[in-house]
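Below: the structure, in structure tokens.
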Amino acid sequence: MTNEQQPKKEPSDVNPSAADSTTPELLQLTAAPHLRQTESVSHIMLWVVMALLPSLAAGVIFFGLRALLLTAVSVAAAVVTEWAVVKFLKRSVTIGDLSAVVTGLLVAFNVPSTVPWWMVAIGSSFAIGVAKMTFGGLGANFINPALAGRAFLMAAYPSAMTRFGPTAFGSLSGIDGMSSATPLAQFKAAMADGSFQALDFQDALSDLFIGNVGGCIGETSALALLIGGVVLLYKRIIPLRIPLVYIGTVFLLSWIFNGTDAHLTTSAIIIPFYQILAGGLFLGAIFMATDMVTSPITPAGRIVFAAGCGALTFIIRKFGGYPEGVSYSILIMNLFVPLIERSTRPKMYGKVKRRD
Amino acid sequence: MISQEIKRGIIDENPILVLALGLCPSLAVSTSVQNGFGMGMAATFVLTCSNVIISLLRKVIPEKVRIPCFIVIIATFVTIVQLVLKAYFPALDKQLGIFVPLIVVNCVILGRAEAYASKNNVFRSLVDGLVMGLGFTIALCILSVIREVLGSNKLLGFKFSPRFQPMTVFILAPGGFFTIAFVMGMVRHLGNRKKGV
């Protein structure tokens with residue numbers, strides 16, 4: 001998919017031995033990719049940036065101009081870090097492929113709008129400098145850089161990373177307190193002390209879908225993220241399998257293990273919807289689990305990967321100390337990608353098992 | 001010869017940054033400069049003394065049981081260090097905790113005993129112990145300066161900068177790995193650049 005535009009090669013350039021004068025013309029072969037595409041890395045990254053813009057707009061609407069400022073700082077820090085690293089290592093400058101811009105955007109989307117600007121700059125620099133460039137740059141990083149940046153910030157500044165500001169409009173449906181804690185933290189607290197009321201959470205669903213809740217800059221608005229996801233799906237930049245299976249797994253698991261005995265009551269139906277709309281699941285499933293570099297390329301592998309992400313997210317949310325587990329579950333599954341790919345390699349066409 | 005040896009211990013064959021020996025205690029104690037320096041000194045003492053004794057006994061120790069013999073000699077000096085620390089530097093002893101007795105199995109010390117002291121004469125082994133200990137101490141100091149400043153905003157126990165917010169992760173294990181990896185990478189990079197690779 002990421003074949004860069006190549007000049008059309010004459011058959012003889014590609015395989016000099018086949019162009020031997022004694023070889024019949026029909027048997028002269030070219031090297032494998034015959035399809036020419038205009039797609040390039042920067043082209044794809046530009047589309048990802050565009051797909052992220054609705055979420056940025058939602059973030060600015062709900063969290064104010066500060067969200068825009070943080071995003072700008074994050075992007076600038078990512079690009080400057082990449083430039084500095086390639087200059088230091090005397091490699092060719094790669095910031096033109098826009099992948100650093102995408103990483104910068106995603107790091108900013110993964111922090112609350114209340115963090116100081118230098119904190120998000122540190123996160124972006126870590127994402128690019130440590131998680132991406134030290135392993136060889138774009139295409140060689142084994143974990144998603146933006147999530148690594150978030151994980152680093154979570155470990156470095158845990159208190160600042162979990163303090164969420166109020167949204168600009170308060171709550172549309174009249175529930176107070178939606179603005180300070182994240183929906184998932186509230187859900188966990190309500191489940192823990194037994195004050196869970198299905199109706200309260202049912203009312204919150206519309207706010208969750210629009211994004212009028214506390215949380216990180218880019219994660220709250222499921223609507224905006226879905227718009228971006230549709231764009232990327234239409235452009236065939238992300239595979240449908242990963243977000244679908246990921247979100248589906250979380251939905252299914254939180255429906256089956258919803259903490260009540262029934263599965264068809266109102267609250268039993270609301271819980272899974274609440275679980276998929278709250279937190280960073282849509283952001284993670286659409287934009288980060290689908291990262292071309294760190295997700296499997298085999299069709300079956302993608303399903304295994306996404307289901308693993310979903311199961312881990314559910315486990316961390318339900319049993320873990322953190323209310324949210326999307327970032328860690330994607331990072332953990334990133335580590336399994338080589339293993340998943342090796343075990344889901346498609347069968348070669350026409351190959352049969354050898355009979356001994 | 002001496003300056004050559006010092007360069008070998010600190011740069012060319014630095015125990016932590018080039019040979020990658022003794023990483024476990026390095027990770028654990030390099031959270032503050034005091035700990036790092038104390039650990040470095042303790043290890044240098046053990047390394048030098050055990051190198052000398054092992055070198056003296058190298059013709060006597062049978063080949064097949066050499067490792068237990070080395071360990072016994074090293075453990076003797078570690079016990080001395082431990083008792084001295086307990087008597088004169090109780091605070092440091094408390095900070096270093098289990099990692100003082102664990103000097104017995106520090107790879108740097110056993111590695112030098114096996115690779116150097118058991119094959120070279122007493123004087124050379126003494127010098128080797130000193131320069132290797134120096135390299136170990138310097139590497140620990142570099143790591144612990146970085147980790148203490150970034151992780152707790154302090155240097156030698158004093159506040160470093162009033163405006164900087166420390167990153168907790170640097171005094172935890174992951175920060176230790178990041179720091180070691182980066183200092184190691186930087187040393188190799190500079191070494192390669194010098195060699196013109």
Side-chain angles (χ1 to χ4, degrees), chain A residues 70 73 77 81 84-91 107 110-112 114-137 140-143 145 147-163 321-322 327-328 331-332 334-335, chain B residues 11 14 16-18 20 23-24 26-33 139 142-155 159-197:
Chain A
L70 283 182
V73 168
T81 309
V85 172
V86 291
K87 278 288 163 199
F88 177 73
L89 295 176
K90 299 193 172 137
R91 302 236 174 98
V107 171
N110 272 301
V111 299
T114 49
V115 300
W117 62 270
W118 51 264
M119 209 176 271
V120 73
I122 289 176
S124 284
S125 302
F126 182 88
I128 295 287
V130 177
K132 184 176 158 198
M133 298 314 285
T134 47
F135 294 95
N141 49 301
F142 70 106
I143 49 173
L147 284 176
R150 176 189 156 86
F152 179 78
L153 286 180
M154 284 291 279
Y157 301 108
S159 62
M161 283 294 287
T162 45
R163 208 168 38 229
Y322 290 108
S327 52
Y328 293 120
L331 282 175
I332 292 170
N334 279 166
L335 305 180
Chain B
I11 300 169
N14 187 299
I16 298 179
L17 301 176
V18 178
L23 290 184
C24 173
S26 316
L27 275 170
V29 303
S30 62
T31 49
S32 78
V33 181
I142 295 173
L143 296 176
S144 52
V145 165
I146 298 173
R147 289 183 68 187
E148 193 177 352
V149 168
L150 291 179
S152 49
N153 193 18
K154 284 181 185 162
L155 193 56
K159 201 150 178 76
F160 183 66
S161 150
R163 296 193 54 199
F164 179 71
Q165 271 193 41
M167 297 180 240
T168 332
V169 66
F170 271 96
I171 49 172
L172 305 176
F177 281 111
F178 291 148
T179 317
I180 287 190
F182 266 86
V183 175
M184 215 181 245
M186 204 57 86
V187 167
R188 283 195 69 92
H189 180 73
L190 295 178
N192 285 347
R193 187 174 273 185
K194 210 169 176 185
K195 274 184 256 163
V197 178

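Numbered from 1 within each chain, the chains take letters A, B, ... in sequence-line order.
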- [ ] Please flag which part of Met154(A) lies under 4.5 Å from any non-hydrogen atom of chain B: side chain, backbone, both or neither.
- [x] neither
Task: Under 4.5 Å from a heavy atom of chain A, the part of Pro166(B) involved - done: backbone
TODO: Locate the shortest heavy-atom distance separating Trp118(A) from Gln165(B); write the atom from each residue and the value.
DONE: CH2-CB, 3.6 Å
- [ ] Against chain B, label Phe88(A) side chain, backbone, both or neither, depending on which of its atoms sit under 4.5 Å from a heavy atom there.
- [x] both
Task: Atom group of Leu153(A) that falls short of 4.5 Å from chain B, counting heavy atoms - done: neither
Task: Interatomic distance, Phe178(B) atom CZ to Phe152(A) atom CZ [nearest 0.5 angstrom] - done: 6.5 Å
Task: Exercise: identify the closest heavy-atom pair between Thr168(B) and Ala155(A) - done: CB-O, 3.9 Å
